[in-house]
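Following: one structure in C-alpha cells, then a few remarks.
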Amino acid sequence: MLLYTVPTANGQKAQVVLEELGFDYETRSVDLVAGEHRTPEMLKLNPFGKLPFLLDEGDAVYGSMAIAFYLCEKAGKLIPESLAQRREMYQWAGMLASDLSPALAGQFMFSEIFPLDDPRAVDYFVESACRMFEVLDSHLAEREYMVGNELTVTDLLAYPSAATSAARLPESLKPWPNIQRWAAHIGSRPGVTRGMART
Ligand SMILES: N[C@@H](CCC(=O)N[C@@H](CS)C(=O)NCC(=O)O)C(=O)O
C-alpha cells in the first residue's frame, strides 16, 4: 500500500490507522504549497485533488474517514460488532469529518493562511470547533474510549484533531480535562505514536 499524505491531522488519521492495524505500507509526502497534489499525474490517481489518499494494489481511496473505514473492514478490526455501538461510531465519525474537522480547517485557514482583518469568520469556526469538543469532553467524563470499552476507529480518527489541530485553538485543550486524559492515553499507544511521526 502507498499512502499519499501530508503532515496535518487528516494525513495523521490515515497513518495512525495503518499503524494500529499493522499494515505494511509506504508513504509519499506531497507538497501542497508547490501544488504537487494537482499535477495531471496526481489527478489521474486521485481526481479529488486533495490529501490523504491511499493506493491499494492500484486502487485509490481518498479521504481520511474513507481510508480508515476501508482499512478497518479489510483487517476486520476496530469496528464494533453491535449495531448500537456502530450507531455511536457513525455519529462520532460523521461529527469529526463534517463538523469538527471543517471548523478546525476554517480556523486555521483564516487565522494563519489567509488572515482576515474581520475576526468574525475565525470566531465562528473557533466557536463551532469548541462546541464539538465540549460534547466530546462530557462524553469522555466516565469513559476510557469513545465507543464501548475498547479502542475503535473512532478514537483514531479523533486523536489527530485533538493532538494537532486543537493546539491552534486559543486555549488549546485546556478547557477539556477529559479530552486531555483520553488523548494522553490514546497518544501513548505505540501504533499511534508511530503513525503520528510518519510524515
Ligand atoms: N475530508 C478530507 C479533507 C481533506 C483535506 O482537506 N485535505 C487538505 C490537507 S489536510 C488538502 O489536501 N488541501 C489541499 C487543497 O484543498 O487544495 C479528509 O478527511 O481527509
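Start at 1 and go down the list; that is how both ligands and their atoms are numbered.
Summary of contacts: the protein heavy atom closest to atom 1 (N) of ligand 1 is Tyr62 OH, 4.0 Å. With hydrogens left out, the protein atom closest to atom 6 (O) of ligand 1 is Lys50 CE, 3.3 Å, a heavy atom. When only non-hydrogen protein atoms are considered, atom 19 (O) of ligand 1 lies nearest to Ser64 OG, 2.6 Å. Thr8 OG1, 3.1 Å is the protein heavy atom nearest to atom 10 (S) of ligand 1. With respect to atom 7 (N) of ligand 1, the closest heavy atom belonging to the protein is Leu51 O, 2.8 Å.
Residue-ligand proximity: Ala97 is placed with every non-hydrogen atom at 4.0 Å or more from ligand 1. Assignment of Pro52 to the shell around ligand 1 is supported, since a heavy atom sits closer than 4.0 Å.
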Please list every donor-acceptor pair under 3.5 Å in which a side-chain atom of residues 74-88 meets a protein atom from a residue at least two apart or in another chain.
unit_1: Lys74; atom_1: NZ; unit_2: Asp56; atom_2: OD2; d: 2.8
unit_1: Ser82; atom_1: OG; unit_2: Gln85; atom_2: N; d: 3.1
unit_1: Arg86; atom_1: NH1; unit_2: Glu81; atom_2: O; d: 2.5

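Backbone and side-chain nitrogen or oxygen atoms of Arg38 are examined, and one is located within less than 3.5 angstrom of a nitrogen or oxygen of ligand 1. Ligand 1 has an N or O atom lying under 3.5 Å from an N or O atom of His37, backbone or side chain.
A distance of 8.5 Å separates CD in Glu19 from CD in Gln15, rounded to the nearest 0.5 Å.
Inspection of the Thr164 and Gln12 side chains reveals an N or O donor paired with an N or O acceptor under 3.5 Å. Side-chain atoms of Glu144 and Trp182 include no donor-acceptor pair closer than 3.5 Å.
In terms of the side-chain contact (heavy atoms from CB on, under 4.5 Å) criterion, residue partners of Tyr4 (sequence neighbours excluded) are, by chain and number, Leu2, Arg28, Val30, Met42, Leu45, Leu51, Phe53, Leu55.
Between Leu140 and Met146, the shortest heavy-atom distance links the atoms CD2-CG, 4.1 Å.
Cation-pi geometry between Arg198 and Tyr25 is met: the NZ or CZ atom falls under 6.0 Å from the ring centre, inside 45° of the normal.
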